[in-house]
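Labels below follow one simple rule: chain letters A, B, ... track the order of the sequence lines, proteins then strands, and each chain is numbered from 1.
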There are 2 protein chains.
Amino acid sequence: MVNHYEDNLNDIFHALADSTRREMVQMMAERERTVSELAEPFDMSLAGISKHLKVLERANLVERSINGRTHICRLNTESLSQATKWLQFYERFWNNRFDLLESELMKAKKNEN
Amino acid sequence: MVNHYEDNLNDIFHALADSTRREMVQMMAERERTVSELAEPFDMSLAGISKHLKVLERANLVERSINGRTHICRLNTESLSQATKWLQFYERFWNNRFDLLESELMKAKKNEN
DNA sequence: TTTATATTTAACTAAATGGTTGAATATAAA
DNA sequence: TTTATATTCAACCATTTAGTTAAATATAAA
């Protein structure tokens, strides 16, 4: 059994583990962007940006539509919320743990009196 | 200016971009674990697990206390919620976009009549 | 039809990653 | 004091990554 869900999470987290790519995501969060727009803020070759874009696409974080000679890139919510869901699931555990700790502390405090 | 926040996000997302490490996180979410406990489900050398653990520690996702010859590993909420916050911030943008789209569709529907 | 623009592809490189094995360290148990 | 257990460290290896430059492709503009 191949686990596509796991593969996808690998790709998503990997894609987000790079400052340049996260900045690109930020830019696309504001609005759609062409490849050269995405490249503009960075001191990096267009080929370099093109590669980063591919990593984001592999993770399904970005979709592209080709309009003449310019490519228009936009974010895809689906993958992002997959990652968020994973994180939030485990945060819940911690928060429960903390709630537990807190209630223990409250008990302890009561017994002080 | 060095950006520690960005570095940290790189480390966190990188740490989470590996199935083995995510499973280790899951285990520690349930309760504290020793290194050998963490290693048990995997078909991998202890040295391998030890390295994965280091990656999680570098990301501040895990803290370790040494108790005799066994090391006890537990999760650190802080880093996880840093990642969650980053993700949620950008999800907000998308959701706003979707709300906008939705209201446009409503308008269009009205004009149909 | 020629030239300029937008982008990708290919080939290359240095560094990082994910794994291994074998030896080292430190502590606990016999 | 010897032996067993828990863990890390060091050295190594194959693969992936993040970047480069130069050439290729495709479209738009002169």
Side-chain angles (χ1 to χ4, degrees), chain A residues 2-3 6-28 31-75, chain B residues 2-3 6-28 31-75:
Chain A
V2 203
N3 199 332
E6 283 295 310
D7 285 353
N8 208 202
L9 275 179
N10 288 351
D11 287 344
I12 295 168
F13 283 126
H14 169 248
L16 296 175
D18 179 283
S19 308
T20 302
R21 285 193 293 262
R22 280 199 308 281
E23 278 192 56
M24 291 168 74
V25 166
Q26 291 176 36
M27 294 177 72
M28 288 181 276
R31 56 189 146 86
E32 305 183 330
R33 303 282 189 166
T34 67
V35 177
S36 1
E37 269 180 328
L38 285 172
E40 198 272 324
F42 304 101
D43 183 22
M44 189 186 297
S45 68
L46 257 162
I49 294 294
S50 180
K51 274 177 152 197
H52 279 304
L53 206 45
K54 266 223 192 106
V55 174
L56 290 167
E57 280 182 303
R58 188 175 67 200
N60 273 308
L61 284 165
V62 167
E63 275 161 9
R64 170 198 315 238
S65 55
I66 299 177
N67 194 329
R69 62 186 161 175
T70 74
H71 297 203
I72 293 166
C73 307
R74 77 190 60 74
L75 288 173
Chain B
V2 204
N3 199 332
E6 283 295 310
D7 285 353
N8 208 201
L9 275 179
N10 288 351
D11 287 344
I12 295 169
F13 283 126
H14 169 249
L16 296 175
D18 178 283
S19 308
T20 303
R21 286 193 292 265
R22 281 200 308 281
E23 280 192 53
M24 291 168 74
V25 166
Q26 291 177 37
M27 294 177 72
M28 287 181 276
R31 57 189 145 89
E32 305 183 328
R33 303 282 188 164
T34 67
V35 177
S36 359
E37 268 181 328
L38 285 172
E40 198 273 324
F42 303 102
D43 183 22
M44 189 186 297
S45 68
L46 258 162
I49 294 294
S50 180
K51 274 178 152 198
H52 279 306
L53 205 45
K54 266 224 191 105
V55 174
L56 291 167
E57 280 181 303
R58 188 174 67 201
N60 273 308
L61 284 166
V62 167
E63 275 161 9
R64 171 198 314 237
S65 55
I66 299 179
N67 193 330
R69 62 187 161 175
T70 75
H71 297 203
I72 292 166
C73 306
R74 78 190 60 73
L75 288 173

To the nearest 0.5 Å, what is the distance between [atom1] on [X] and [atom2] on [Y]?
{"X": "A:T70", "Y": "A:R33", "atom1": "OG1", "atom2": "CZ", "answer": "14.0 Å"}
{"X": "B:I49", "Y": "B:E40", "atom1": "CD1", "atom2": "CD", "answer": "10.5 Å"}
{"X": "B:L38", "Y": "B:M27", "atom1": "CG", "atom2": "CE", "answer": "5.0 Å"}
{"X": "A:H14", "Y": "B:H14", "atom1": "NE2", "atom2": "NE2", "answer": "7.5 Å"}

Notebook entry, point to check: Should B:F13 and A:R22 count as side-chain neighbours, where that means a heavy-atom distance under 4.5 Å?
Noted result: yes
Starting from [atom2] on [N], measure out to [atom1] on [X] and report it in whole angstrom.
{"X": "A:R21", "N": "D:dA18", "atom1": "CZ", "atom2": "C1'", "result": "8 Å"}
{"X": "B:I72", "N": "D:dT5", "atom1": "CD1", "atom2": "P", "result": "19 Å"}
{"X": "A:E23", "N": "D:dA18", "atom1": "CD", "atom2": "C1'", "result": "16 Å"}
{"X": "A:H71", "N": "D:dT25", "atom1": "NE2", "atom2": "P", "result": "15 Å"}
{"X": "B:L53", "N": "C:dT17", "atom1": "CG", "atom2": "C1'", "result": "16 Å"}
{"X": "A:L46", "N": "D:dA22", "atom1": "CG", "atom2": "P", "result": "15 Å"}
{"X": "B:D11", "N": "C:dT17", "atom1": "CG", "atom2": "P", "result": "9 Å"}
{"X": "B:I66", "N": "D:dA6", "atom1": "CD1", "atom2": "C1'", "result": "11 Å"}

Please work out if [X] contacts a base, only the sugar-phosphate, or nothing of the nucleic acid, heavy-atom cut-off 4.0 Å.
{"X": "A:T20", "value": "nothing"}
{"X": "B:S45", "value": "base"}
{"X": "B:K51", "value": "base"}
{"X": "B:G68", "value": "sugar-phosphate"}

From [options], pick the nucleotide closest to the side chain of [X]?
{"X": "B:A47", "options": "C:dA6, C:dT21, D:dT17", "value": "C:dT21"}
{"X": "A:R69", "options": "C:dA29, C:dA6, D:dT21", "value": "C:dA6"}
{"X": "B:R58", "options": "D:dA18, C:dT17, C:dT20", "value": "C:dT17"}
{"X": "A:H14", "options": "D:dT17, C:dG18, C:dA6", "value": "D:dT17"}

Margin query: Quick check on DNA chain D: between A:N67 and A:I49, whose nearest nucleotide comes earlier from the 5' end?
Written below: A:I49
Next item on the list: Kindly express the pairing pattern of DNA chain C in dot-bracket notation, using | wherever a base pairs with another strand and counting only Watson-Crick or G-U pairs under 3.5 Å.
Entry: ||||||||||||||||||||||||||||||
Margin query: Tell me every residue that passes side chain to side chain contact (heavy atoms under 4.5 Å, CB included) with A:N8, counting only those two or more places apart in sequence or in another chain.
Written below: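 Here the qualifying residues are A:I12, A:N60, A:S79, A:Q82.
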Item checked: B:C73 to B:M28 - nearest heavy-atom pair and separation ->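 Nearest pair, atom of B:C73 first, then B:M28: CB-SD, 3.7 Å.
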